[in-house]
Amino acid sequence: MAAQNLQSVPDQPAAPQEANAGQGQGQLEADGQAYFDRVMADDSRIEPKDWMPAAYRKTLLRQISQHAHSEIIGMQPEANWISRAPSLKRKAILMAKVQDEAGHGLYLYSAAETLGQSRDQMMDDLIAGKARYSSIFNYPALTWADMGAIGWLVDGAAICNQVPLCRASYGPYGRAMVRICKEESFHQRQGFEILLELSNGTPAQKQMAQDAVNRWYAPALMMFGPPDDDSPNSKQSMAWNIKRFSNDELRSRFVGMMVEQVRVLGLTLPDSEVRFNEDTRKWEHGPLDWNEFKEVLAGRGPCNSQRLERRRQAHDDGAWVREAAASYAAKQVNKQKEYAA
Amino acid sequence: MNPETQETTGHGDISVGVAGAGASGDGSASATRITPGNALRPEDIALEVRTGLARPTEDVAEYALRLGDDALILAQRLGHWISRAPELEEDVALGNIALDQLGHARSFLSYAGGAWDKSEDDLAYFRREHEFRSAHLFEQPNGDFAVTIARQFVVSYYQFELYRRLTESTDATIAAIAAKAVKEVDYHRDHSAQWVLRLAGGTDESRRRMINGFKLIWPYVGELFVDDALTTRLAEAGAAVEPSSLKADFDRLTGEVLKEAGLEVPDVPAAPGGGRRGQHSEHLGYILAEMQVLAREHPGASW
Amino acid sequence: MSPHGNPEEPASAAAEIKHEAPKASPAPAPEDHHGGNVWPLWEVFVRSSRGLSHVHAGSLHAPDAAMALRNARDLYTRRNEGVSIWVVPADAIASSDPDAKGAFFESPQGKDYRHATYYTKSEGVKHL
């Protein structure tokens, strides 16, 4: 029940089997694969009930659920500052932004549910520490300027990643991303504005802004994933039209944008090696500490256990509420039945 | 700029990318069409005050301070739920209520500030505890979800009766703020009433918690309906209403929900309150310490 | 559907609140494998403005129809996306098999005579 969805996926692949019920399994797979390949070649969309290769389904499920988890865990570093926002306008903006992230998590969990896994199961995996989420949210948000840096750099990187995902070959994912990108358009701008205000403010404020940019720059660049030559899954994802640009390609574009924008901010990027390579026509940046990336991903980041514990606690504390509402609904159904009988 | 970066720079381009996504189609585009809408915003009030179009009397300003502080402290409390609610859908729901309350607070405080040449932020961040005018109910801790719902239930039924009447205030700005707020608070009533029914009629545990929630909250109900010299003067002028005049409707409508939920009005002694005179619960100091810490660290700074 | 499930009825009437429980929820009781606290899935349809159809906006979880409507309001209309909402239990929707295009959707292909563009001889004739 929980895993059902409007375009829900039965346990078995659909059409080719039903249409060719008398044929052997191998032929069914071949028909499905042929159909799938045609969809990929036409750059069309796969919808939930379509036949799809098991690995495609698995890859999508992993990617979409990780994306959803990132939205939900990503609420925390910012939610921590709602109570301390230094003006009421900023408090309202931040509240709306963190609330959006809950919404985006919901859209993405729904998209993942069309692949046959319940949100409940995904949530269980998350709080059991079995699922991954973007490792950047394991860094602490230490000052108000971090709200600016997260909006500008982290959301900026996320948007770079997400705009091409609006064209992902899996329909529900693409549609969720369309909605998310529209809503997120304010997220990066509000971050930029926070930094701009700080940069034009008192020396202490400007220092706060620069410090936040210094801390979030490298983790933001690493959000695009490992370098292309160390990203074994990328090629397959690109062949499946899930991913449209390589990690390094997107990272390079992002750096180019930040170079422009940081000037407007009156701040600097903590990277003396940023340059535009005239030969490759690409932006280049200094080396990133991929060892740190792997450490944080493996659970050894500054806030990993804190983030998971907070999610676990919210989930556990809410259990009696969810149970109460479910029980109430069941009682109402029974009452209705008695009334009808 | 490197032309290749054009595609993902600027937000206008994002919508182009979205519209060109193909997968969305016209149909789903209509369900995702977003607009800011058209309503009275706190910024509009602040602008009116700045340009001298609206200026409250001392009495009205003091009154607006009370309503603004109630809403502000409640928004501060509710904001804590975002990322901690029982289900993700409820994160969003409580977030909406908190944002509504914060909007009302900003409007009332912006207007109040007009009397003393102060901004909403001057009032929110640079007043001391005894200068706040919030009632104790709004300061009560979130507790578990049932306590939060009990508090919200009382608040929204009280605010609805209040704002409904204030739409007819002789003070045009108070009337305008109330007209926007009453519709939002109407939804808050619905939200909290739905949850009262579900928690009271759900499981044994939820019923026990709901009853306990009301028991904790109810001592602070009385303060909401106490008249004083200020409300009497304003009521005579037609700018406000006597809080005591809201009580009958409040009792009737909350009574209906409680009855349907099979709950009694809690039989608990009333606390004396005192928030309108600057005598607060022990909680307010902590709330303000957290809310004001950053702004006070950088006095005069702009954010 | 229950009074509360009626998609044409607003979640909250202006003056008197509708606090009564929905008389029936079409969603079956949720599974029990998590202590009975898993809420079923609902599909949300939003009418963006009067005169237009309701369009699928997305999904959400809710314990019953009344809460599903409210959750949909909170989640899918935060930016003025709609003036009316329908919610439908996800498992109440029967859908065609998208892979059966060959059989299910073949018939209308090639029947050009159903379309005005098929009739070329009347081109240029006014008001036709």
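Each chain gets a letter, A, B and so on, in the order its sequence line appears, and its residues count up from 1. All values below come from the heavy atoms of this structure, side chains included, with hydrogens, waters and symmetry mates left out.
More than 12 heavy atoms of other residues, nucleotides or ligands lie within 6.0 Å of CZ in B/F126, so this atom counts as buried by the packing criterion. Within a 6.0 Å sphere centred on NZ of A/K89, other residues, nucleotides and ligands contribute 12 heavy atoms or fewer.
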Next item on the list: Any chance you could lay out the salt bridge (Lys or Arg N to Asp or Glu O under 4.0 Å) test for B/E120 and A/K91, step after step, and finish with the verdict?
Entry: CA-CA 12 Å; B/E120 52 173 329; A/K91 190 189 289 287; over 6 Å; no
Next item on the list: Apply side-chain contact (heavy atoms from CB on, under 4.5 Å) to A/M208 and B/H298, showing your working.
Entry: CA-CA 12 Å; A/M208 196 195 289; B/H298 302 265; 3.5 Å; yes
Next item on the list: Apply side-chain contact (heavy atoms from CB on, under 4.5 Å) to B/L88 and A/Y109, showing your working.
Entry: CA-CA 11 Å; B/L88 296 174; A/Y109 282 127; 3.7 Å; yes
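In this structure the side chain of A/R119 reaches within 4.5 angstrom of the side chain of B/E87, judged on heavy atoms. Proximity of B/E205 to A/W320: side-chain heavy atoms (C-beta onward) are separated by under 4.5 Å at one or more points. Using a 4.5 Å heavy-atom threshold, the side chains of A/V321 and B/W195 count as touching. Inter-residue side-chain proximity for B/W303 and A/I194 is flagged as unmet; no heavy-atom pair is nearer than 4.5 Å.
Residue with the most contacts toward chain A among B/L199, B/D204, B/I287: B/L199 (heavy-atom pairs, distance under 4.5 Å). Counting heavy-atom pairs closer than 4.5 Å to chain A, the top-ranked of the candidates B/R296, B/E89, B/E297 is B/E89. Chosen from B/A295, B/G201, B/A98, the residue pairing most often with chain A at heavy-atom distances under 4.5 Å is B/G201. When each of A/D317, A/D43, A/I72, A/V259 is checked for heavy-atom pairs under 4.5 Å with chain B, A/I72 comes out on top. With respect to chain B, the highest number of heavy-atom pairs below 4.5 Å among A/M75, A/E101, A/M123, A/R310 belongs to A/R310. Interface summary for chain B: among A/A92, A/G156, A/A325, the most heavy-atom pairs under 4.5 angstrom belong to A/A92. Among the candidates A/L94, A/V98, A/T202, A/L106, the residue making the largest number of heavy-atom pairs closer than 4.5 Å to chain B is A/L106. Note: B/S83 leads B/S83, B/G95, B/A301, B/A200 in heavy-atom pairs under 4.5 Å with chain A.
Going from atom CD of B/Q101 over to atom CE of A/M95 covers 10.0 Å, rounded to the nearest 0.5 Å.
With a 4.5 angstrom heavy-atom cutoff, B/L109 touches chain A only via side-chain atoms. Neither the backbone nor the side chain of A/M258 comes within less than 4.5 Å of any heavy atom in chain B. Residue contact with chain B, scored on non-hydrogen atoms closer than 4.5 Å, involves the backbone and the side chain of A/R84 alike. Both the backbone and the side chain of B/V92 come within contact range of chain A, each with at least one heavy atom under 4.5 Å from a heavy atom of that chain. At a 4.5 Å heavy-atom cutoff, A/L196 makes no contact with chain B through either its backbone or its side chain. Heavy atoms of B/L102 lying under 4.5 Å from chain A belong exclusively to its side chain.
Formation of a donor-acceptor pair under 3.5 Å by the B/D121 side chain with backbone atoms of A/L88 is found in this model. For the pair B/Y125 (side chain) and A/S87 (backbone), a donor-acceptor distance under 3.5 Å is present. Within the 3.5 Å criterion, the main-chain N or O of A/S83 finds no donor-acceptor partner in the side chain of B/E290. Under the 3.5 Å distance criterion, the side-chain polar atoms of A/Q205 are matched with a main-chain donor or acceptor of B/S302.
Between the side chains of B/N96 and A/Q99, at least one donor-acceptor pair of N or O atoms lies under 3.5 Å.
When all heavy atoms of A/S327 and B/G202 are compared, the closest pair comes out as OG-O, 3.0 Å.
For the ring pair (Phe, Tyr, Trp, His ring centres under 6.0 Å) test, residues two or more places apart in sequence or in another chain that qualify with B/F214 are B/F153, B/W218. Here A/Y107 pairs with A/H104, C/Y76 under the ring pair (Phe, Tyr, Trp, His ring centres under 6.0 Å) rule; sequence neighbours left out. The side-chain contact (heavy atoms from CB on, under 4.5 Å) check on A/A209 picks up A/L195, A/L198, A/L267, with sequence neighbours excluded.
Ion pair B/R198/A/E323 not flagged as a salt bridge, since none of the NZ, NE, NH1 or NH2 atoms sits closer than 4.0 Å to an Asp/Glu carboxylate oxygen. For B/E90 and A/R322, the salt-bridge test fails: no basic side-chain N is under 4.0 Å from an acidic carboxylate O.
Scanning residues 69-82 of chain B against chain A with a 4.5 Å heavy-atom cutoff picks out B/L72, B/A75, B/Q76, B/G79, B/I82, ordered by number.
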